[in-house]
Every structure is written in structure tokens, then in C-alpha cells.
J.: 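One structure is given below, represented as C-alpha cells, and several questions about it will come after.
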Amino acid sequence: MKNRDENQAIQIESNTTLSQRAMGVRQTPYLEDLNSAQRSAVETLNGPVLMLAGAGTGKTKALTTRIVHLMNMNQAWPNEILAVTFTNKAAREMKSRVGAMLGNVGDGLPWLGTFHSLCVKILRRHSEIVGLKSNFTILDTDDQLRLLKQLLRAENIDEKRWPPRLLLGLIDTWKNRAWSPNHVPSGEDGFNGRGVEFYTQYQSRLKALNAADFGDLLLHVVNIFQNNADILEKYQNGFKYILVDEYQDTNVAQYMWLRLLAAKHRNICCVGDDDQSIYGWRGAEVGNILRFERDFEGAKVVRLEQNYRSTPDILAAASGIIAGNKDRLGKTLWTARKDGEKVRLIGHWDGEEEARWVGEDLESYQRGTRGLPAFGLDSMAILVRASHQMRSFEDRFLSIGLPYRVIGGPRFYERMEIRDAMAYFRVAVSPDDGLAFERIVNTPKRGIGEKAQQLINTTARDHGVSMLEGARILLNEGGLSSKASNSLRKLIDGFDRWKNLISNSNLANNTRSEILETLDNFSDKTSHVEIAQTILEESGYTDFWQNDKTPEAAGRLENLKELVKALEGFENIQGFLEHVSLIMENDVSDSTEKVSIMTLHGAKGLEFPIVFLPGWEDGLFPSQRSMDESGQKGLEEERRLAYVGITRSEAVCTISFAANRRVYGQWQSSMPSRFIDELPADNIEVLTPPGLYGGNSSRQDIEFESDLPERAAKADAYNSPGWKRMQIRTSQRFLDSSETPQAVIIDAKVTEKYSISDRVMHTKLGEGTVIGIEGNKLSIVFDSGGAKKVIASFVSHLND
DNA sequence: CGGCATTTATTTTTT
DNA sequence: ATAAATGCCG
């Protein structure tokens, strides 16, 4: 692939004769790689374009080719193209693909980046308009929370009743909608009616701290554009062409940002898939993409519908599911492929058995099975709805020694030790950073507890200075215990020393370029990497973890080492901090082949030959909470998640559900997901759960399915008696400990064996009395104390 | 102030 | 089940 791209790059040069170039005639060999829809999306350079790109239809290819085409046709210089993505990963990929096609034109596209990184770039130039200095710091969630807690504490708010997290969520939502404190509609105020009040306070604190949170990055820029026509015009003129990836995920603030910038040239090309909008809960507005044609009059809509990723059955299953949604722009995915297997469906007794079965099935694909070639573990993934589902798989894989990788856990820069270390760096670089100071003033423990910190805080506020200065004043005034003041003095001295080291180092760096290397040996500069090392050692932070005996300590020290190493790639510590605040991800390059375990959300944009979709049970998927909170809208988003999940698979897709599952330590039984009923029967193969008929999993049809001769012909076979019966039978087997298939009576309810006030025995919980019956669950008051709802099959009559 | 016991809340997540 | 957060006591 890479080679071909490079050859193309050469062709662009060599196939274009001088006379052609003189006449402005351009060769466009890259267009021949595109299908007609892609080509039309790429060639429609002027005016608004909406590219509706279904899963696996070559959207990134179209987008990158469009950028190449713009430049090749002399429509725009690289710096006149604004290309926006959501993640750094997507931005990197686009950059490298454009680079590959053009034969690497250096840092060709200065305005290709994430919404946030582009906003930072713009905001640094005009920050004074919104009352910030150009070196403002960017706060992460942790800092935000710390700040809000301070505000709430000052107002004596009961953090129990009104958790800071709730307020943060509220403010976040408002910022996503581009509501400044004075623009929050009355009636939308929350948090005991004081949300807006705290929002206002929060914003002024941010200004005082010379800081911005992620939401501000966009909001400030939008405000600058709206209130300063001259600045807006400059950018409008500058960005002749705008491209937006994942348009269905934009929130209102991002939408406004885009509309403002595109208003002049109207050359905006948005790419997205309304069927893959799965971030409504964090402010994404599907409405943005649904409204595009109305927002940009005369917009050309191009549908990318040819799928190059999946087999026909997988596509049909995905299409069948998504067809249940009402609010769609509508697309029909198709593929030229004819091969492939049906989507497999299997039910299990409980979550553990599901994990066991997936593990075995995984290994059979690894060996090569059923005439399929052997697959590496890298080509397999397990996609779950909620991260707690991952546990049973991890447990199982650990016990059978199957290598796995969890994607989307806590990210490197979000880990406690990394944040602590960064907080030290932040204070050393800018002593005004009160939030960072607060974080590490007593980490490691220095005997500066709650009381002392409160004192520092009030002193700082009374004198109108930063926390570090406040601490200094407090030391001179006395008023702290000798233990606290000793260690505080040591810490402050440390920061003074480290700050000096840093400024010396920067100075030396500047001189070095001018006065040649000879100076190097004489200069007393310490490299920023060494300084970082020194800070961590002298502050006692390294020792703190070395003396820690918990099992994680070793890993944390390892992470700290990695952090210091990461500094090598930067000029100085400041540069590093700037970089990290925007890039919160960890690229773990790992050579061993591993199965990937991740959430459905985390899987968006990825693809795997073999995909497992476990946990398709009502309440879990679709998530009960989603449906409770957002009703029909929530259900549709869950359905889109299902669609995203299925369309991740290239060759084999396996959906499974469990009748029983331990959730929050409590056993729960549930019905198979309603989405299972929505799968088109013709494209599904139902597998026999192992042990049901004494056999191991085989693709052999289940006995009772042959009772239905026309099963294959009926689109809704899953509503048929046969399907219903299987569901009931499957779960009955689970409830009946005898496990003799022919003994299963279809309409029997295990709970019928029990009545109120029966004395029962539970294997784990001991003896108790039945106080209620609900479905297949019994409410029992246990003699050991406490009442629980348990599945009837887990108890037996005491007098039996 | 720090360590241990008790209580409580648990979707999805990028920047 | 479990982790994190709070409360209580030395």
C-alpha cells in the first residue's frame, strides 16, 4: 500500500509534462482508485458537500484524496485548508496518508488537527480578548473538579447532597451547547437552582488562574469570532476549504465554530454517518448532520454505500438492526463480495460460561477451523457495552493464559502517579498554578493536612496571591505546627531551586544555538530531562513509591521512568506540558499478538476479521439507563451502537447473551436483547450452547428449529413460536437444576415451587425466609441478616 | 495527622 | 464484588 502511494507520488511529477503544467493541466492518477461515489465527493471541490459515508466505505480515503486533489488542482495552498477531526489519532492518520500520497511535503498541513488543538492555536493569538494571557494553562477534569470543590466549600454546600461531579457535568453540558453563564436559559438551571451562579464563579476563577478548560477552548474562540468581525474575517478568508471528519459527533459549540468559519467561502465538506452517532450523551447533536442540507443551501449530498470491509451476511445483519431507527438520512450498504458466513448467535447460562465459550471459540479460530485459515489474536476483538463486562473475560483469559489487551482503560497521562509528577513540573514552571500546588503539597505525605492547607488557602486569598506565595507568607507569619512548617519550607525551597534550574536550562539552550557547542562543556545548564528527574527525587516522590509495598508500586515507578523518557522528545519542560494537556492518550506499542477487549464506543473506527459481541441482554444492551434517561432517543442510540459493533467485523461476527449475570455482586437474570429479535433470520446461524444436548458447540442446527420448515423464508422467524420456545427452553434449562432436556416443561415457572414464608436454603447465603416472588426471583430475608433478591434456582426448600 | 472501618455508588469517553 | 470516599479513633 505504502509503495503504491509512493509510486503515485512520483507519477504525479513525471506524468505531468512541462507544457501541461504550464497550462495548468493536472494529472489526477489518484482518482482512478476511487469508486464513482467517492470520486464525486472528491471532485466536487466548491460549495458545501455532505459525504454520508457508511461503515467501511472508504471515507478516510475519500477525505485524504480530496485534500490531495485540492492542492494538486491548485485550488488551495496547504495553509488554506482547514481539516478537523475529533481525535489526535484520526488527525495523525490523515496527515500521514496525505503525506504518503504527496511524497511527504514536510509539515504540509498546518491546519489539520482536532477541534481542540486548532482552537488552542487560534486562542493563543487572541487570548487577551477573553481576559487570558497567551500562555494560559489547559485544565483537565481533575483540576476542574478541584476548583469546583473549592467553590462549593466556600459556600458551605453539602457535597454529599450536591456532588461537584454533578455540577461539572452541568457546566460541561452548557459549554457543549455554547451557553455562556449569562446565556443559560432560565429553567435550565440545575444544581438546586444555583448552577448558573457557580458557573459564573467558576469562569471568573478560571480567568484569575489564567486557565481554560476543554470546553472553553471552543467557546472562547466562538465568542471571539462573534464579537470581532475583523478577526473572524481574517480566518474566513484564510480557510478557503474546510473539511470535517465524524460530523455526526459535533456538538453545538463545534457546529457554531464551523458555521462561522465557513460562512464566507462556503467550501465545507462534512463527512459522517448518522447511523454511527453514539456520543449523544456527551453533547453530540445528530441534528447537525440531519440538518446539513438546510444549513448549507445547495449542498451536494454524496452517499458512500459500497462497503469494502464485511461479508454480505454481516452487512445484512447490521442493516436489519439499523432499519429499526426512525430518524435517519438513509443509506443502503452493499458489497460486491459473495463469500462468508452468517452471523452467529449463541446463548449461555451465565457470564462466566459465555467467557469460557468465547475463549475456546477464539482458540479454534487461532488454530484454523472449518476451512478458514488460522487467524492471529490481533485480528480478534471482544466488544462490550459496559466496561464491567470485561472482567469475566480477563479472568478467564488469565486462567487459560490467553494474551489479551484491554483498550481504553485509564490512559497513561491520567494515572495518579503521572498526574502527580506533572503537577510538580507545573508548579516548578509556573508557581502560580495553584491547582497543581494543591495536588502535591501533601503528596507524598508531609504532615501538611487538611487544616494546614485550609490555612494556606485563606492566607493566599487574603493577600491576593498564589498558593505558593501564600504558603511563603504563612511561613513568615508562623501559625503552623513546626512539623508542617518545616516540611512546607523544604518544599518551597525545592521549588525555588527547581525553578532556577529550569530558567538556567532555557537560557543555556538559547545561547547554545548562537555560541556553538564548545560552550556546552562549560555551561552549567542541566538538561530538562535531568531537571525532571531531580524534581521527582528531591521532592521525595520517587522514594514515596519505592517505599510503597502495594503491588502497583513497581508499575508506577516504571511509568514515572517512562514519563521522564518522554521528556526527551521535547525542547523543555514547558513544551512538554503544553503537549500533554491536549494529548491524553497512550500508544502502547506491543509486539505480542493479543486479543483486544474494548467497549463498543472504543471500537468505533476500528475493524477486525473476527468480532465477538457478548452481553446482548435487555437492560445491559440496550442499556436500561440509556432508555430510562433518554427514552426512544436513547434506544435509537443504543441501536446505532449495535450497528457499529456488527460493522466492525470483516469475516466472522458472533453475538451472544447470558441468562444470568452477576451485576454489582448481585445475580441477575435477564431476557435476550430486543436487538436479537431484530436480526434478520436469514443471515443468522443459531449455535447450540455447549452442554445443552450434551454436545459441544457445533453449527449443527438445533433440533426444534427443524420443526419450522419455512423458518428460512420468514423474515421474522424470531417472533415465531419456535424462536420463543427456544428462548424459554434455554432459560428453563438454566432454572431447572435437573438439566434433563426432555424433562423441561415449557410453561413451568421454578418460582411456583415456592410461596411466601417458605423456609429456604441458599448455597452461599445460608438459611432464610421467602418474603416475595417476582418472576424467577425470590425476595428472601436471610437469618444472617439482610434481604436479597435471588434467582430461584439458587435456593432449595429447607425441609426437602 | 494518619490509618483502619464503614459506607456508598457504580454506562458509554475525547479533548 | 469492589473500589473509592467518608468517618472515627489513637
Side-chain angles (χ1 to χ4, degrees), chain A residues 84-91 113-120 138-141 144-145 149 158-160 163-166 169 172 175-176 212-219 246 249-251 253-254 277-284 351 383-392 395 407-411 413-414 416 442 444-454 480-481 483-484 487 552 579-586 598-605 615 619-630 634 637-638 640-642 644-645 661-668 764:
Chain A
V84 203
T85 64
F86 273 85
T87 64
N88 291 297
K89 198 175 155 204
T114 63
F115 276 103
H116 296 270
S117 68
L118 294 169
C119 281
V120 170
I138 300 163
L139 300 190
D140 61 23
T141 314
Q144 292 179 277
L145 226 43
K149 274 184 192 162
D158 180 8
E159 290 183 24
K160 224 24 179 292
R165 278 212 85 77
L166 188 73
D172 212 50
K175 288 191 174 178
N176 284 155
D213 63 22
F214 285 116
D216 282 344
L217 297 178
L218 272 147
L219 216 44
E246 307 280 17
D249 288 338
T250 48
N251 61 34
Q254 289 156 339
S277 162
I278 54 176
Y279 285 112
W281 51 273
R282 68 174 197 210
L383 312 181
V384 298
R385 173 69 242 274
S387 47
H388 64 249
Q389 289 172 261
M390 295 179 177
R391 241 205 96 162
S392 54
D395 285 351
I407 295 182
R411 279 163 288 283
Y413 290 110
E414 273 171 8
M416 182 197 346
N442 201 30
K445 300 272 186 280
R446 305 192 161 81
I448 304 168
E450 192 79 22
K451 214 184 71 199
Q453 286 184 42
Q454 212 72 65
L480 282 176
S481 71
K483 189 177 157 209
S487 49
E552 303 97 70
H579 170 84
V580 167
S581 56
L582 279 177
I583 303 192
M584 297 290 259
E585 53 186 87
N586 52 338
M598 63 185 101
T599 62
L600 287 163
H601 286 92
K604 192 166 124 192
L620 179 59
F621 187 43
S623 140
Q624 193 58 52
R625 192 155 160 186
S626 200
M627 293 187 294
D628 290 348
E629 281 172 12
S630 316
E637 183 153 313
E638 295 288 307
R640 291 194 289 267
L641 257 185
V644 167
R661 196 177 287 280
R662 216 168 23 193
V663 183
Y664 306 141
Q666 213 82 14
W667 280 98
Q668 271 187 344
K764 289 249 167 63

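Sequence lines set the chain letters: A, B, ... in the order given, protein chains first and strands last, and positions in each chain run from 1. These values consider heavy atoms only, across backbone and side chains, with no hydrogens, waters or symmetry-generated copies.
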J.: Mind checking A:Glu637 for me? I need base, sugar-phosphate or nothing, with any heavy atom below 4.0 Å counting as a touch.
T.: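 The residue A:Glu637 makes no contact with any strand.
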
J.: Has A:Gln453 got a side-chain atom pairing as donor or acceptor with A:Ile448's backbone, closer than 3.5 angstrom?
T.: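 Between the backbone of A:Ile448 and the side chain of A:Gln453 there is a qualifying donor-acceptor contact (under 3.5 Å).
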
J.: Contact class for A:Ala452 vs. all strands (heavy atom < 4.0 Å): base, sugar-phosphate, or nothing?
T.: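 Answer is sugar-phosphate: A:Ala452 comes under 4.0 Å of backbone atoms only.
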
J.: Side chain of A:Arg625 only, please: which of B:dT15, B:dT11, B:dT13 is the nearest?
T.: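 My answer, after comparing the listed nucleotides, is B:dT11.
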
J.: Using atom CG of A:Leu145 as one end and atom P of C:dA5 as the other, report the distance to the nearest whole Å.
T.: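 That distance rounds to 10 Å.
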
J.: Phosphate oxygens OP1/OP2 of B:dG2: is one of them under 4.0 Å from a side-chain N or O of A:Asn442?
T.: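 Yes, such a contact exists.
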
J.: Of the candidate nucleotides B:dT12, B:dT15, B:dT13, which contains the atom at the shortest distance from the side chain of A:Arg282?
T.: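 Minimum distance to the A:Arg282 side chain belongs to B:dT13.
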
J.: Provide the Watson-Crick or G-U wobble partner of B:dT12, both distances under 3.5 Å; none if there is no partner.
T.: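 Base-paired to nothing in any strand shown.
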
J.: For the pair A:Tyr279 and A:His601, name the ring-plane relationship: parallel under 30°, tilted 30 to 60°, perpendicular over 60°.
T.: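 Taking A:His601 first and then A:Tyr279, their aromatic rings sit tilted (interplane angle of 30° to 60°).
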
J.: Which heavy atom in A:Leu383 sits nearest to a heavy atom in A:Ala603, and how many Å separate them?
T.: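 Heavy atoms only, the tightest pair is CD2-CB, 3.7 Å.
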
J.: Starting at CG of A:Asn176 and ending at P of B:dT15, how long is that distance when rounded to a whole Å?
T.: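 Going from CG in A:Asn176 over to P in B:dT15 covers 15 Å.
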
J.: Using only side-chain N and O atoms of A:Asn88, determine if any of them is under 4.0 Å from OP1 or OP2 of B:dT15.
T.: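 Checking A:Asn88 against B:dT15: at least one side-chain N or O falls below 4.0 Å of OP1 or OP2.
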
J.: Do any side-chain nitrogens or oxygens of A:Ser117 fall under 4.0 Å of OP1 or OP2 in B:dT15?
T.: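 The answer is no; no side-chain N or O of A:Ser117 sits under 4.0 Å from OP1 or OP2.
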
J.: Scan A:Tyr664 against the nucleic acid and name what it touches under 4.0 Å (heavy atoms): base, sugar-phosphate only, or nothing.
T.: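 Touches a base.
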
J.: Using 4.0 Å as the upper bound for N to carboxylate O, is an ion pair formed by A:Lys604 and A:Asp249?
T.: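 Yes, this pair counts.
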
J.: Please state how far atom CE in A:Met627 lies from atom P in B:dT11, giving the value in whole angstrom units.
T.: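 My rounded result for the distance is 15 Å.
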
J.: Atom CZ of A:Arg165 and atom C1' of B:dT11: how far apart are they, to the nearest Å?
T.: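 Between C1' of B:dT11 and CZ of A:Arg165: 13 Å.
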
J.: Taking for each residue the nucleotide of DNA chain B bearing the nearest heavy atom, is the 5' side occupied by A:Lys483 or by A:Leu641?
T.: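 Nearest nucleotide further toward 5': that of A:Lys483.
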
J.: Atom CZ of A:Arg385 to atom C1' of B:dT12: distance rounded to whole Å?
T.: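 Interatomic distance, CZ of A:Arg385 to C1' of B:dT12: 5 Å.
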
J.: Starting at CD of A:Gln454 and ending at P of B:dC1, how long is that distance when rounded to a whole Å?
T.: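 Rounding to the nearest Å, CD of A:Gln454 and P of B:dC1 are 10 Å apart.
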
J.: Please report, rounded to the nearest Å, how far the C1' atom of B:dG2 is from the CD atom of A:Gln453.
T.: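 About 14 Å, once rounded to whole Å.
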
J.: Categorize A:Leu217 for me: base, sugar-phosphate, or nothing, with a 4.0 angstrom heavy-atom threshold over every strand shown.
T.: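 If one applies the 4.0 Å heavy-atom cut-off, A:Leu217 turns out to touch nothing in the nucleic acid.
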
J.: Looking at A:Arg391, does any N or O in its side chain come under 4.0 Å of the phosphate oxygens OP1/OP2 on C:dT2?
T.: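 For C:dT2, OP1 or OP2 has a side-chain N or O of A:Arg391 closer than 4.0 Å.
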
J.: Would you call A:Asp172 and A:Arg282 a salt bridge, taking side-chain N to carboxylate O under 4.0 Å as the test?
T.: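 No, no charged N to carboxylate O under 4.0 Å.
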
J.: In sequence, state the C-alpha distance, the side-chain angles, and the governing distance for A:Asp140 and A:Gln144, and then conclude on side-chain hydrogen bond (donor to acceptor under 3.5 Å, both in side chains).
T.: CA-CA 6 Å; A:Asp140 61 23; A:Gln144 292 179 277; over 6 Å; no

J.: With the criterion set at under 5.5 Å between ring centres and under 30 degrees between planes, would B:dT12 be stacked on A:Trp281?
T.: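 Yes, A:Trp281 stacks on the base of B:dT12.
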
J.: Over how many whole Å does the gap from A:Met390 atom CE to B:dT13 atom P extend?
T.: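 A:Met390 atom CE is separated from B:dT13 atom P by 7 Å.
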
J.: Please determine, for the side chain of A:Ser623, which listed nucleotide (B:dT15, B:dC1, B:dT11) has the closest atom?
T.: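 Of the candidates, B:dT11 comes closest.
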
J.: When you match A:Thr141 and A:Lys451 each to their closest nucleotide on DNA chain B, which lands nearer the 5' end?
T.: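 Nearer the 5' end of the strand: A:Lys451.
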
